[in-house]
Amino acid sequence: MPNLWNLHRRLHLLLAVALLASATAATAADDLRPALLLNGSRDASHELSGRWTYSKDYYRTGLTDINGWVAKSRMQRYRDLDVAAEEAKPGSPVFFEFDMDRGPAMEIPGAWNAATPELRYYDGLMWFQRKFNVQPRPGERSFLRFEAVNYRAYVYLNGKEIGRHEGGFTPFVLEVTQALRSGDNRLTVGVDSRHDAQSIPGEITDWDLYGGITRPVRLIHTPASFIDDATLRLTEAGRLVGSAQLNGAGAANQTVTLNIAALKLQVQARTDAQGVARFELPAPAALKRWSPETPQLYDVQFTAGADTLRERIGFRTIAVKGDQILLNGKPVFLRGVSAHEEELGPNPARRMTESAARALLTEVKQGLGGNYVRLSHYPHSETMLRMADELGLLVWSEIPVYWTVDWDNPVALQKALRMQAETIYRDRNRAALVMWSVGNETPVADNRTRFHVALAKSARELDPGRLISAALLVERQGDVIRIADPLLPHLDVMAINTYAGWYGDDKLDDLKKLRWELPTDKPLIASEFGADALAGEHDSPGTSRAQLRKWTEEYQAAYYRATLEMLHRIPNLRGLSPWVLKDFRSPRREHPVFQNGWNRKGLLSETGQRKAAFDVIAEHYRLLPR
Ligand code: GCB
């Protein structure tokens, strides 16, 4: 028999290589820009927060029937109909196995996992419905902007499908001008939280599932032609460079006015055939640069015809020179901490309100005396980024290319590239954001390196003003630790995660012996190091370091003292982000006494109680030379 299997494999491989080539080619193209952004604040926008009804759909029968056929009409949760009224009709032949109007309700935005105990570990498809009443004005266009739906979204308005999105942490915009009714409207969203081998992230992480509509949903009205997005940044050469993208039939050959009232700056530019107006001008002498010490933001206004887009933008430069990170031309040491997107409290729902973001970042800024936060392991909410801008905290941001991804799969690469582009277009006006990370702890291999290199290249192309990093795995031989990673030449800043003294057999006293033999031609950040402690769990006073027990606050504090001492022997160490600010939910963590579903490496407990290690870090940052 001919070796059909081999032939099949070879064809498959050829196809994969071809697809990979086309996916990588796409990195160079403008087509990574989402078709619609609707960034910035706008007057004509309504938040659709509040109570949404929901219906679980574990077998996905509202989406497809067996064999992938279209779902049975009695299962289609998105139908635009009053089920109760239909059922009340005498002799009606129809019957339904759902009723979105009479279903239970939960607060949106917010993950379902925190809504009821029954939904704590629900992982699958869930339908949501929100009714609203609007009177759109003639001639205007209408859009729905979702800040985040985890992980896949199927959106229907008044019974019509209007779009889909994959990726749990980035915004998407759908035009609803045609589907919207004057008066009552029925918005239905199917949310599928399930991950698979091709999703980003994959199936296993170390954080909560947090399915649902986790960030705000807005209905936005615009004139027929409008400013979809605008950006402005300070270059190293001291110039303000930016652009505005118009959308609509009248987008070409339009005047766009850029105005910064506080700087008495007003300039105009005309859009090209694609609706893009470009600005470049010397920065005014009066411009005050943004920094953690002086987080100066300006009200920047872009106007085109009847439309105005407002942004709060800070101006600063960030660069690497030799083994230094330079902020506004001066060396900076990043005194930080890593954080998940999870609010303080006993039952977080990843509902990052302004006050929740302020509470967390104030602990970083005031509590720890920090100037930096690693927002891990996925793009955090827009609220968080704006809060970092306002409070003055430098930010590392990353997409969840974490542990393991289907490296050889061009579709997975394309997803990651899109996700990264969606994040860059969303956040490129945030002065706080200085660094994109292209991966976290991914085992070195050719296919994985190719994947990361494609991400690094794309980030540089889309956003030339920021630094590129990745949290790398290290190699250990005896007491010597090295990085042997071909990704290094593609990074501006190296970053390493280390848990010696927590995972593995090292005692805290052993950390003294460890030798870090790392390249010294670039800055290095210790992007993670940490140990678990249950707040309130103590060793008896006077216990020697060698006798401390894991899980106690004393062990965690001693771990940090020993690790900080070790890390400061690395000559090009330029930043620290211990793992992690706060205890966070993780289904991986089920020690029945100390964890119960929580990763306990927080410097704070889940409710915000400071552990002894918090003071160790705060004291360390206070003593570091500025
Ligand atoms: C890591 C991961 C992080 C985990 C952490 C831990 O290396 O990057 O996501 O939560 O270790 O607690 O083990």
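Index from 1, following the sequence.
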Would you please indicate if the ring centroids of [X] and [Y] are separated by under 6.0 Å?
X    : Y    : value
Y402 : W207 : yes
F143 : F226 : yes
H377 : H340 : yes

Check your understanding: R137: what forms a side chain to side chain contact (heavy atoms under 4.5 Å, CB included) with it, not counting sequence neighbours?
Key ->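 With sequence neighbours excluded, R137 shows a side chain to side chain contact (heavy atoms under 4.5 Å, CB included) to E140, given in chain and number order.
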Check your understanding: Going through the distances and angles, do K365 and E390 end up as a salt bridge (charged side-chain N to carboxylate O under 4.0 Å, His left out)?
Key -> CA-CA 11 Å; K365 179 86 187 182; E390 184 191 319; over 6 Å; no
Check your understanding: What do the steps show when you test T231 against N429 for side-chain hydrogen bond (donor to acceptor under 3.5 Å, both in side chains), and what is the final call?
Key -> CA-CA 6 Å; T231 181; N429 284 333; 2.8 Å; yes
Point to revise | Verdict with supporting geometry, E398 and S437, side-chain hydrogen bond (donor to acceptor under 3.5 Å, both in side chains) | key: CA-CA 5 Å; E398 62 195 89; S437 165; 4.8 Å; no
**Study point:** Qualifying salt bridge (Lys or Arg N to Asp or Glu O under 4.0 Å) pairs with a residue from residues 375-386, counting only residues at least two apart or across chains
**Key:**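 Applying salt bridge (Lys or Arg N to Asp or Glu O under 4.0 Å) to every pair that reaches into residues 375-386, excluding sequence neighbours, yields R145-E382, E311-R386.
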Check your understanding: Which is it for I325 and L334 under the side chain to side chain contact (heavy atoms under 4.5 Å, CB included) test, yes or no, and what are the steps along the way?
Key -> CA-CA 9 Å; I325 299 174; L334 306 179; 4.0 Å; yes
Rounded to the nearest 0.5 Å, how far does [atom2] of [Y] lie from [atom1] of [X]?
X    : Y    : atom1 : atom2 : result
T188 : R130 : OG1   : CZ    : 12.5 Å
Q296 : I313 : CD    : CD1   : 13.0 Å
N440 : S376 : CG    : OG    : 8.0 Å
L576 : Y372 : CG    : OH    : 9.5 Å
I200 : Q414 : CD1   : CD    : 11.0 Å
Q198 : N409 : CD    : CG    : 5.0 Å

Review point. Is the NZ or CZ atom of R350 positioned over Y378's six-membered ring, under 6.0 angstrom from the centre and within 45° of the axis?
Key: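 Because its charged atom sits under 6.0 Å from the ring centre and within 45° of the axis, R350 does stack over Y378.
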Practice item. Assess R33 against Y425: is NZ or CZ under 6.0 Å from the centre of the six-membered ring, and within 45 degrees of the ring's axis? Key: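 Judged by the rule (NZ or CZ under 6.0 Å from the ring centre, within 45° of its axis), R33 counts as positioned above Y425.
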Quick one: does [X]'s side chain get under 4.5 Å of [Y]'s, heavy atoms only?
X    : Y    : result
L48  : F132 : yes
R164 : R152 : no
H165 : T170 : yes
V373 : L394 : no
L393 : P292 : no
D229 : R426 : no
V176 : S142 : yes
V434 : L467 : no

Are a donor atom and an acceptor atom from the side chains of [X] and [Y] found within less than 3.5 Å of each other?
X    : Y    : value
D228 : Q245 : no
E354 : T383 : no
E341 : Y210 : no

Exercise for review: Look at D80 together with R181 and state whether they make a salt bridge at an N to O cut-off of under 4.0 Å.
Suggested key: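 Judged by the 4.0 Å cut-off on N to carboxylate O distance, D80 and R181 do form a salt bridge.
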Check your understanding: So, R585 and E342, do they make that salt bridge, N to O below 4.0 Å?
Key ->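 So R585 does not pair with E342 through a salt bridge.
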Determine the minimum heavy-atom distance between [X] and [Y], stating which atoms define it.
X    : Y    : answer
P331 : L326 : N-CD2, 3.6 Å
Q268 : F279 : C-CE2, 4.1 Å
A495 : S527 : CB-OG, 3.5 Å
I227 : A244 : CG2-CB, 4.3 Å
L174 : I162 : CD2-O, 3.9 Å
F451 : V405 : CZ-CG1, 3.7 Å

Exercise for review: Evaluate the salt bridge (charged side-chain N to carboxylate O under 4.0 Å, His left out) criterion for residues D299 and R312: first the C-alpha distance (whole Å), next the side-chain angles of each, then the deciding distance (0.1 Å), finally the verdict.
Suggested key: CA-CA 5 Å; D299 283 316; R312 298 263 299 152; 3.5 Å; yes
Report yes or no: does [X] contribute a side-chain atom to a donor-acceptor pair with the main-chain N or O of [Y] at less than 3.5 Å?
X    : Y    : result
D272 : A252 : no
T53  : G103 : no
E343 : A349 : yes
T271 : A251 : yes
W290 : D389 : yes

**Study point:** Heavy atoms of other groups near Q135 CD, more than 12 under 6.0 Å
**Key:**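 Counting other residues, nucleotides and ligands, CD of Q135 exceeds 12 neighbours.
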Exercise for review: Report the relative orientation of the aromatic rings in W127 and Y156; use parallel for angles under 30°, tilted for 30 to 60°, perpendicular for over 60°.
Suggested key: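 Geometry flag for Y156 against W127: tilted rings.
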Check your understanding: Between Y151 and H195, what is the ring plane arrangement, given parallel below 30°, perpendicular above 60°, and tilted in between?
Key ->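 Judged by the thresholds at 30° and 60°, the geometry between Y151 and H195 is tilted.
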Point to revise | side-chain hydrogen bond (donor to acceptor under 3.5 Å, both in side chains) between Q129 and R186, intermediate numbers included | key: CA-CA 7 Å; Q129 180 190 280; R186 185 192 300 270; 3.0 Å; yes
Review point. Applying the side chain to side chain contact (heavy atoms under 4.5 Å, CB included) test to F128, which of R77, M106, M100 qualifies?
Key: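 For F128, the side chain to side chain contact (heavy atoms under 4.5 Å, CB included) check succeeds only for M106.
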Point to revise | Intermediate values then yes/no, salt bridge (charged side-chain N to carboxylate O under 4.0 Å, His left out), E236 and R239 | key: CA-CA 7 Å; E236 294 234 42; R239 300 181 72 79; over 6 Å; no
Exercise for review: Dump the intermediate steps for side chain to side chain contact (heavy atoms under 4.5 Å, CB included) on K264 and N259, then the final yes or no.
Suggested key: CA-CA 8 Å; K264 299 194 178 47; N259 192 307; over 6 Å; no
Review point. Got a sec, which residues hit salt bridge (charged side-chain N to carboxylate O under 4.0 Å, His left out) with R141, two or more places apart in sequence or on another chain?
Key: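 Salt bridge (charged side-chain N to carboxylate O under 4.0 Å, His left out) list for R141, sorted by chain: E175.
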Point to revise | salt bridge (charged side-chain N to carboxylate O under 4.0 Å, His left out) assessment of E107 paired with R51 | key: CA-CA 5 Å; E107 202 61 25; R51 308 290 289 172; 3.5 Å; yes
Practice item. Take L32 and L417 through the test side chain to side chain contact (heavy atoms under 4.5 Å, CB included) and record every step on the way to the result. Key: CA-CA 7 Å; L32 284 175; L417 287 167; 4.1 Å; yes
